[in-house]
There are 2 protein chains.
Amino acid sequence: MINKTETLQRTATQPDAQAAQESLTSRVYARLRADILAGRLEPARKLKIEDLRKSYGAGASPIREALSHLASDHLVERLDQRGFRVTDVSGEEFNELRKTRCWLEERALRESIAHGGPDWEERVVLAAYRLSSVPWSKSADEYVVNGEWEDLHKAFHMALISACGSAILLRFCSQLYDQNIRYRVLSNRAAYRERDSSAEHEAIREAALARDADLAVERLLAHYSRTGSYLRDTFD
Amino acid sequence: MINKTETLQRTATQPDAQAAQESLTSRVYARLRADILAGRLEPARKLKIEDLRKSYGAGASPIREALSHLASDHLVERLDQRGFRVTDVSGEEFNELRKTRCWLEERALRESIAHGGPDWEERVVLAAYRLSSVPWSKSADEYVVNGEWEDLHKAFHMALISACGSAILLRFCSQLYDQNIRYRVLSNRAAYRERDSSAEHEAIREAALARDADLAVERLLAHYSRTGSYLRDTFD
DNA sequence: ACTGTTCTGATTATCGAATTTATCTCGGCC
DNA sequence: GGCCGAGATAAATTCGATAATCAGAACAGT
């Protein structure tokens with residue numbers, strides 16, 4: 001159901017061969033989602049159906065349905081009978097998000113470490129390797145979002161908890177991960193140069209594969225909390 | 001947001017006064033949801049837009065949007081370009097659901113007990129009292145779903161965890177609670193007479209208000225697990 | 001000058017029809 | 001006899017237009 005966030009290079013009027021398979025709604029959904037996560041549609045922005053129709057080259061129904069889908073991901077909000085807007089960001093929202101993610105991912109990681117088999121270990125190793133071989137930022141001088149790294153980063157964190165034994169919990173974690181992306185991008189702007197994220201990932205991977213649940217959880221939660229400390233300035 | 005299932009007899013051109021406030025989409029959503037939870041739309045049933053249009057008296061767009069919303073609640077599934085169906089029930093699905101609910105609600109309950117103030121205590125007391133004053137089943141001889149009890153039961157369980165400090169976690173718990181309703185109704189058919197649910201609720205309430213987190217969690221999880229034991233027969 | 005009201009332009013929510021896509025049926029072929 | 005593909009049917013998806021609704025401006029009354 002959830003398809004990977006692809007780069008979405010496209011003229012809306014001339015759909016390419018493979019995209020023709022999936023519905024227009026899901027293409028619009030994917031593009032809107034990518035635009036929101038990358039900040040091209042900034043927080044709190046009003047999303048007028050008519051405007052979106054023009055920019056995405058679709059009728060009202062697919063647009064509306066895609067927005068509806070995004071609303072259940074909490075990336076957009078619906079306002080009674082006044083349409084949609086991009087969900088706003090705030091310090092409170094971020095704190096709640098971080099806290100909840102820590103609760104859920106701690107449980108998921110402990111379960112994975114307890115029950116994960118060789119296949120889980122291999123998924124973690126592979127995801128970690130892939131992540132390590134791609135640069136964090138597209139530019140060396142300042143932080144510029146790298147879509148490929150983003151995908152691999154999510155894949156790594158999902159691999160860590162993939163053996164938790166509950167697809168439902170994985171879905172929640174995935175959803176919260178996505179909600180967090182916008183905050184992390186903000187944080188990275190401040191944290192660039194100061195933070196060594198690949199070392200953090202390596203430490204988490206090591207503890208998880210050593211089956212040291214307490215240490216792995218400690219490192220994972222610290223990894224998440226660190227983002228918060230860099231964000232504190234942004235919202236003050 | 002969720003309103004009772006009203007009969008909705010009206011020509012679309014002349015809506016009655018109070019229903020005019022909310023959108024047609026949300027009314028269709030509420031009715032579909034109620035029909036699924038009550039089993040009037042049975043698991044795995046194909047939901048044809050055309051049929052729904054006739055029975056719910058709405059155009060394709062509101063129907064589709066309501067179904068889309070239900071899909072993110074996991075009460076219906078979308079099949080690529082082959083429409084929607086009611087999500088099927090199965091033993092595996094139930095077990096995963098129960099496991100995940102226990103994980104999430106344990107955390108939520110512990111947080112509530114740790115941080116809940118007098119307002120939380122009052123909400124719990126009130127919800128427990130209301131629940132205790134309504135019969136479980138509409139009939140004394142056999143189990144017949146009582147909508148009022150259902151609402152109060154959910155309200156009680158949500159009140160217990162309402163001070164957990166995360167609206168996000170509450171949303172997840174609420175969603176899982178709803179997903180579980182269909183299973184619980186099945187279980188109650190088997191469990192009727194054997195089970196004393198009000199005593200179980202009383203025990204949970206007591207432990208929670210006494211701030212004994214371990215005991216409260218133990219009782220809550222046992223409460224959830226008991227449903228499962230009654231269900232085992234159903235899926236074998 | 002202030003509050004409440006009506007009008008107006010803009011925007012959303014909804015509909016019914018047209019289009020695209022899947023499913024089913026039947027006949028020909030191996 | 002079973003398999004494959006073409007045509008017919010049913011269904012989902014999408015579109016363009018219409019009706020309902022909202023926010024803001026101009027206006028009138030106290």
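Fair warning: this is a prediction, and the values are worked out from it, not measured in the lab.
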Asker: Starting from P on C:dT14, measure out to CZ on B:Arg53 and report it in whole angstrom.
Answerer: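 Value for this atom pair: 14 Å.
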
Asker: Where each residue is assigned the nucleotide of DNA chain D containing its nearest heavy atom, which of B:Ala60 and B:Lys48 is assigned the position nearer the 5′ end?
Answerer: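 The residue closer to the strand's 5' end, by nearest nucleotide, is B:Lys48.
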
Asker: Side chain to side chain donor-acceptor pair (under 3.5 Å), that's the test. Do A:Tyr183 and A:Asn188 meet it? Break it down for me.
Answerer: CA-CA 9 Å; A:Tyr183 292 102; A:Asn188 284 350; over 6 Å; no

Asker: Which one, C:dC15, D:dG16, D:dT21, comes nearest to the side chain of B:Leu24?
Answerer: C:dC15

Asker: Rounded off to whole Å, could you give me the CD-to-P distance for the B:Gln81 and D:dT14 pair?
Answerer: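 From B:Gln81 CD to D:dT14 P: 7 Å.
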
Asker: If you measure from the Lys or Arg side-chain nitrogens to the Asp or Glu carboxylate oxygens, is any gap between A:Arg184 and A:Glu150 under 4.0 Å?
Answerer: yes

Asker: According to the salt bridge (charged side-chain N to carboxylate O under 4.0 Å, His left out) rule, which pairs have a member within residues 155-166 of chain A, sequence neighbours left out?
Answerer: none

Asker: Figure out the CZ/P separation between B:Phe84 and D:dA12, and round it to whole Å.
Answerer: 9 Å

Asker: Report which part of the nucleic acid A:Leu47 touches: base, sugar-phosphate, or nothing (heavy-atom distance under 4.0 Å, all strands).
Answerer: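 Sugar-phosphate, no base atom in range.
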
Asker: With a cut-off of less than 4.0 Å, is there a side-chain N or O of A:Arg82 near OP1 or OP2 of C:dT11?
Answerer: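 No, A:Arg82 has no side-chain N/O under 4.0 Å of OP1/OP2 on C:dT11.
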
Asker: Figure out the CD1/P separation between A:Ile49 and D:dA17, and round it to whole Å.
Answerer: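 Rounding to the nearest Å, CD1 of A:Ile49 and P of D:dA17 are 17 Å apart.
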
Asker: If you compare every side-chain N and O of B:Lys46 against the phosphate oxygens of D:dA12 (OP1, OP2), does one of them come in below 4.0 Å?
Answerer: yes

Asker: On the ring face of A:Phe156, is A:Arg130 found with NZ or CZ under 6.0 Å from the centre and within 45° of the axis?
Answerer: no

Asker: Between C:dA17 atom P and B:Glu50 atom CD, what is the distance in whole Å?
Answerer: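 It works out to 11 Å between those atoms.
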
Asker: Quick one: A:Lys54 NZ to D:dG16 P, roughly how many Å, whole number?
Answerer: 14 Å

Asker: Starting at atom CD of B:Glu65, determine the distance to atom P of D:dA12, rounded to an integer number of angstrom.
Answerer: 17 Å

Asker: Do B:His201 and B:His157 have ring centres separated by under 6.0 Å?
Answerer: yes

Asker: Side chain of B:Pro62 only, heavy atoms from C-beta on: which candidate in C:dT14, D:dT21, D:dC15 is closest?
Answerer: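 Given the options C:dT14, D:dT21, D:dC15, the side chain of B:Pro62 is closest to C:dT14.
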
Asker: OP1 or OP2 of C:dT14 sitting under 4.0 Å from any side-chain N/O of B:Thr25?
Answerer: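 Yes, B:Thr25 has a side-chain N/O under 4.0 Å of OP1/OP2 on C:dT14.
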
Asker: Would you kindly give the CG-to-P distance between B:Leu79 and C:dA22, to the nearest whole Å?
Answerer: 12 Å

